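In what follows, a single structure is set out as structure tokens and then discussed.
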2 protein chains.
Amino acid sequence: MKLSARSRYGARLLLDVARHGQNRPVHLTEVARREELPLKFLEQIAIPLRQAGVLKSVRGPKGGYLLARPPTEISLAEVVRLLEGEELIDCLADASLCHRVGTCPTRRVWQEAGQAFYDKLQSITLADLLTPGQGLWEDTGDV
Amino acid sequence: MKLSARSRYGARLLLDVARHGQNRPVHLTEVARREELPLKFLEQIAIPLRQAGVLKSVRGPKGGYLLARPPTEISLAEVVRLLEGEELIDCLADASLCHRVGTCPTRRVWQEAGQAFYDKLQSITLADLLTPGQGLWEDTGDV
DNA sequence: AGCAAAGCCTACTAAATTAGTATAGATAAT
DNA sequence: ATTATCTATACTAATTTAGTAGGCTTTGCT
């Protein structure tokens, strides 16, 4: 149970685009350099984010990526869900995997824990990460 | 990001021991049969649970496992932490993996989300799973 | 028109993790 | 003693994740 590099890199990609894409498209070569992440991997990560309407792209020279929406309207939950593959728990993703579906009391537990995870991410937007120090979410958990 | 079979099986193992280990040790052969799980895998899972004082064992014939504490005092968080390997996020587990540690605003997000996940599991005990339908935690989330 | 800089897409490979098996040993009831 | 059970380590196979490669498409610039 590890958060994948796709999600981690995806968040950093979006953050980088948010920071540098105010007035112009940001190309991935830049992001790869600044964030020290592999370009080809970033290209793969950008695609579902664009398809889902989180990023928008400009093709051709001087092209690149921009946020498709204001950073206040992009939650981390959306990003992780797109990149992580929806379901955290196998026996929830595919009921046929386990014929105990109807009675197994543990399924419910996993479902709730996964929900709690995503609920927390839902409450954090890109904008919160752009202005650290005065964040809305800074006071919610003592870790 | 998937919950591992170890955690899922571990929870079922404990539940089975809780149900059948009232008056006698439960041996893993039984559990394997009832829960349709591989015996050898269960043996591996039982070890850290015993070492952590969640299960206790009786060796020799008529031996088996018992809960080391009442089911009200065994939270799912403890079980998952023992079986899953502590940290959900690589760059939190080992700071040397990323030299941006000091400044990267995303680390904090992952930390909080992981915390939310474990907080939810912390609130659910084995006892809650033993008495479904009137559960303390049944009303907390609408999924 | 044509070159070059970008994104787009698919397929492949390598590394790591997870799931499960095998084998050998320790302990204790009978 | 024998046998049923837990204990421990090492191994293997399957799956997933991370990353690479190559070629295609679009479009600004000259």
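What you see is a predicted model; the values in this text were computed from it and never measured. Chain letters run A, B, ... following the sequence lines, proteins first, then strands; residues in each count from 1.
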> D:dT5 C1' sits how many Å from B:E43 CD, rounded?
Replying inline: 9 Å
> Is A:R19 reaching over with its side chain to a backbone N or O of A:L130, donor-acceptor style, under 3.5 angstrom?
Replying inline: no
> Taking the side chain of B:R50 as heavy atoms from C-beta outward, which of C:dG7, D:dT27, D:dT7 is closest to it?
Replying inline: D:dT7
>> By the 4.0 Å heavy-atom rule, please label B:E84 as base, sugar-phosphate, or nothing.
In response: nothing
> Does A:K2 get its side chain close enough to the base of C:dT18, under 3.5 Å, for a donor-acceptor pair?
Replying inline: no
> Rounded to the nearest Å, what distance is computed from the CD atom of residue B:Q44 to the P atom of nucleotide C:dA22?
Replying inline: 13 Å
> Is there a side-chain polar atom (N or O) of A:R24 under 4.0 Å from OP1 or OP2 of C:dA6?
Replying inline: no
> What is the distance, rounded to the nearest whole Å, between atom CG of B:L39 and atom C1' of D:dA4?
Replying inline: 12 Å
>> Whether B:Y9 contacts C:dG20 is assessed here as follows: a side-chain N or O lying under 4.0 Å from the phosphate OP1 or OP2. Is that the case?
In response: yes
> Closest to the B:P61 side chain: D:dT27, C:dA19, C:dA29?
Replying inline: C:dA29
> Can a donor-acceptor pair under 3.5 Å be found between the side-chain atoms of A:K56 and the base atoms of C:dG7?
Replying inline: no
>> With a 3.5 Å cut-off and heavy atoms only, can you find an N or O donor on one side and an acceptor on the other between the side chain of A:R59 and the base of D:dT25?
In response: yes
> For A:S57 and C:dC8, is the shortest distance between a side-chain N/O and OP1 or OP2 below 4.0 Å?
Replying inline: yes
> Quick one: which of C:dG7, C:dA22, D:dA18 gets closest to the side chain of B:K40?
Replying inline: C:dA22
> A:L3 CG to D:dT16 P: how many Å, rounded?
Replying inline: 17 Å
> For A:F117 and B:A113, which heavy atoms make the closest approach, and how far apart are they?
Replying inline: CD1-O, 3.4 Å
>> Rounded to whole Å, please give me the gap between CZ in B:R8 and P in C:dA19.
In response: 7 Å
> When you measure from the centre of the six-membered ring of A:Y65, is the NZ or CZ of A:R50 under 6.0 Å away and within 45° of the axis?
Replying inline: no
> Do NZ/NE/NH1/NH2 and the carboxylate oxygens of B:K2 and B:E84 come within less than 4.0 Å?
Replying inline: no
> Taking only side-chain nitrogens and oxygens of B:Q51, does any of them come within less than 4.0 Å of OP1 or OP2 of D:dA8?
Replying inline: yes
> Closest nucleotide of DNA chain D for A:P38 versus for B:V26: which of these residues is on the 5' side?
Replying inline: B:V26
>> Under a 4.0 Å threshold between the charged nitrogen and the carboxylate oxygen, would A:E30 count as salt-bridged to A:R24?
In response: yes
> Atom CG of B:L42 and atom P of D:dT5: how far apart are they, to the nearest Å?
Replying inline: 15 Å
>> With ring-ring contact (aromatic ring centres under 6.0 Å, His included) as the rule and sequence neighbours excluded, what pairs involving residues 36-62 of chain A come up?
In response: A:Y9-A:F41
> C:dT21, D:dG22, D:dA18: which one has an atom nearest the side-chain heavy atoms of B:F41?
Replying inline: C:dT21
> Taking CD1 from B:I47 and C1' from D:dA10, how many angstroms apart are they, rounded to a whole number?
Replying inline: 13 Å
> How long is the line joining CE of A:M1 and C1' of C:dA19, in whole Å?
Replying inline: 17 Å
